[in-house]
Amino acid sequence: MGEEKLNDQMIVRRQKMQALRDKGIDPFGHRFDPDHDISSDIHTKYDNYDGDLLAKEGNVVTVAGRMVAKRGSGKTSFADLLDRGGKIQFYVRQDIVGDDDYQIFKDSDIGDFWGITGDLFKTRAGELTIRAHKITFLTKALRPLPDKYHGLADPELVYRQRYLDLITNRDSFDRFITRTKIIKAIRRYMDNNHFTEVETPILENVASGAEARPFVTHHNALNIDMYLRIATELRLKRLIVGGMERVYELGRVFRNEGMDPYHNPEFDTMETYAAYFDFNDVMDETEGIFKAAAKVVANDLKINYHGTELDFGKPFARMHMVDAIKKYTGVDFWQKMSLEDARKLADEHGVEYESWWKVGHIINAFFETLVQDKLQQPIFIYGHPKEISPLAHINREDHRFTDRFELYIVGKEYANAFTELNDPIDQRQRFEAEAKEHAEGNDEYQPIDEDFVEALEYGMPPTGGLGVGIDRLVMLMTDAKSIRDVLFFPTMRPKKDN
RNA sequence: GAGCCGUUAGCUCAGUCGGUAGAGCAUCUGACUUUUAAUCAGAGGGUCGAGGGUUCGAUCCCCUCACGGCUCACCA
């Protein structure tokens with residue numbers, strides 16, 4: 001930015017700042033002690049009082065916040081003070097605060113911070129209001145706030161200057177508060193189920209555990225390139241080998257891929273691993289997590305997402321992927337079939353496929369293109385083909401499929417889980433098959449993590465694992481249109497001077 | 001990465017079939033001792049995203065670029 005160009009309003013505010021200094025008032029003031037609660041507590045306590053009772057009790061409160069609206073009329077003024085609890089109106093009279101302080105108030109701008117002490121009363125319109133006895137100037141705002149009525153609307157400014165969005169758009173402010181509450185509720189659920197929260201490296205030598213391109217960075221002292229993690233999976237499984245039995249990590253991962261309303265290069269996942277669980281146990285666990293998150297927003301666990309009512313109160317449906325395909329398309333992949341058979345079916349149903357795909361890839365494509373969008377209410381789809389599930393345990397009855405599931409809601413995936421593969425020899429073969437796929441054209445593959453295979457060779461107990469996209473879960477629960485609306489500072493191109 | 005759309009005052013938006021721009025809020029001056037998108041009277045504020053082209057003349061038409069949004073493709 002550099003030296004800014006001052007517009008008329010910025011010049012006036014700087015002059016007012018100097019005028020305050022000339023009066024011995026620090027325009028960027030000091031500690032203030034709101035001895036009372038925040039505005040929302042005052043509303044909770046006194047909104048139901050009638051005017052007479054308030055007058056009789058003469059309750060005195062002290063609050064601090066940003067003045068976001070000002071309605072002056074001669075020798076009295078009303079204004080709105082914004083703190084983290086919301087807004088509360090205050091009332092300043094020249095005959096109460098005195099000529100000097102009243103003039104300072106008249107000269108103050110929307111955006112300035114004030115400390116207010118006064119008694120509570122109700123206006124004619126019935127609004128709970130603080131009649132100021134003492135006003136304390138706390139901080140000058142040198143720039144004007146966005147339009148008080150429309151708020152900040154330009155999406156670019158909303159994301160780049162989130163602080164302005166938070167000041168003027170209360171829905172946005174509240175959504176971020178809800179985000180934190182949801183994450184706390186999820187942690188509480190995991191803790192109550194005897195999972196240990198852990199932290200594993202973000203800087204990795206091998207970016208594995210998912211199929212995604214990593215961000216590359218450089219460590220100077222070691223003179224090696226390192227990768228930002230794309231998943232926490234293989235680290236957490238090592239902790240299962242180490243005997244921690246139930247672990248989870250909720251944190252940031254990074255994927256060097258495109259951006260759109262559902263993808264940001266950095267985002268939060270929660271992965272959980274529990275020894276001796278199979279994927280059915282993990283379904284129960286997942287259901288508990290989503291119910292706990294929904295409870296934060298709605299006591300009856302009914303969530304409205306873009307006009308669709310989602311009921312998280314009922315038990316979530318559970319359906320095999322092949323059955324789901326059969327239900328929605330009539331195609332039966334339970335039958336033994338060759339690659340040629342599968343390709344023929346794909347051609348008949350307009351499902352596109354790559355030359356290197358096996359039958360399992362085509363089954364998955366059927367699901368993704370013809371079934372997925374139709375799944376509105378929470379449903380677990382399980383039994384993914386082995387070819388697309390390199391870290392999942394093979395199903396005992398049918399070796400074409402794995403003990404894996406994904407949770408689908410409003411046509412989108414919200415969780416991915418499986419009974420973990422703990423056979424190191426099988427694991428190595430699957431890594432090698434992935435590497436071969438890469439050579440054949442799949443450019444997102446998992447590099448062979450030798451150290452992880454070695455860990456498995458020491459023995460990992462049967463384990464159920466789960467991954468949840470936290471941002472998408474928050475979007476769902478807060479009816480957000482874009483992932484950028486649940487991230488304070490979504491990734492943006494740097495703004496160049498033009 | 002491709003297609004479509006957007007960028008005008010601090011903010012939210014109009015507008016000019018090509019003749020260098022308006023409103024509301026905000027700001028400034030004045031009035032007003034219960035307002036609440038306060039009201040009333042007056043005033044100031046813009047290299048119309050950047051660069052180039054066509055033209056007597058471009059904020060408007062054309063080209064390039066920057067940033068953003070949406071859709072599609074890939075991914076969670």
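Naming: A, B, ... by sequence-line order, numbering from 1 per chain. These numbers come from the heavy atoms of this one structure, side chains and all, not from hydrogens, waters or symmetry mates.
- Relative to the side chain of Val12(A), the nucleotides C28(B), U33(B), U36(B) differ in distance, and C28(B) lies closest.
- Distance noted for atom C1' between U54(B) and C60(B): 14 Å (whole Å).
- Among the atoms of the strands shown, only primed sugar atoms or phosphate atoms (P, OP1, OP2) are found under 4.0 Å from some heavy atom of Ala153(A).
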Output one line per pair: protein atom, nucleotide atom from nucleotides 69-71 of chain B, and distance, for all N/O pairs under 3.5 Å.
| from | atom 1 | to | atom 2 | distance (Å) |
| --- | --- | --- | --- | --- |
| G69(B) | OP1 | Arg484(A) | NE | 3.3 |
| G69(B) | OP1 | Arg484(A) | NH1 | 3.4 |
| C70(B) | OP2 | Arg484(A) | NH1 | 3.1 |

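- Computed from coordinates, the Ile130(A) CD1 to U34(B) C1' distance equals 16 Å when rounded to whole Å.
- For the P atoms, the distance from A58(B) to C70(B) is 36 Å, rounded to whole Å.
- Taking only side-chain atoms of Arg131(A), from C-beta outward, the nucleotide of U34(B), C11(B), A26(B) with the closest atom is U34(B).
- The side chain of Arg124(A) lies closest to U34(B), out of U34(B), A37(B), C67(B).
- Using a 4.0 Å heavy-atom cutoff across all strands shown, Asn256(A) reaches no nucleic acid atom at all.
- Distance from the side chain of Gln89(A) is smallest to U35(B) among C11(B), C67(B), U35(B).
- Mapping Gly151(A) and Asp107(A) onto RNA chain B by nearest heavy atom places Gly151(A) closer to the 5' end of the strand.
- When the options Phe367(A), Phe316(A), Phe290(A) are evaluated for a ring pair (Phe, Tyr, Trp, His ring centres under 6.0 Å) with Tyr408(A), the one that passes is Phe367(A).
- For the P atoms, the distance from A41(B) to G6(B) is 36 Å, rounded to whole Å.
- Between the CD atom of Gln94(A) and the P atom of U34(B) there is a distance of 13 Å, given to the nearest Å.
- Residue-to-nucleotide proximity on RNA chain B shows that, of Leu145(A) and Asp109(A), the 5′-proximal contact is made by Leu145(A).
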Each nucleotide N or O in nucleotides 44-47 of chain B that has a protein N or O under 3.5 Å away: list the pair and distance.
| from | atom 1 | to | atom 2 | distance (Å) |
| --- | --- | --- | --- | --- |
| G44(B) | N2 | Asp8(A) | OD2 | 2.3 |

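- Nucleic acid contact class of Asp154(A) (heavy atoms, under 4.0 Å, all strands): sugar-phosphate only.
- Within 4.0 Å (heavy atoms only), Arg160(A) reaches sugar-phosphate atoms of the nucleic acid but no base atom.
- For Leu81(A) and U36(B), the CG to C1' distance is 15 Å, given to the nearest whole Å.
- Stem analysis of RNA chain B (Watson-Crick or G-U pairs, both distances under 3.5 Å, runs of at least three) returns B:1-7 with B:66-72, B:10-13 with B:22-25, B:27-31 with B:39-43, B:49-53 with B:61-65.
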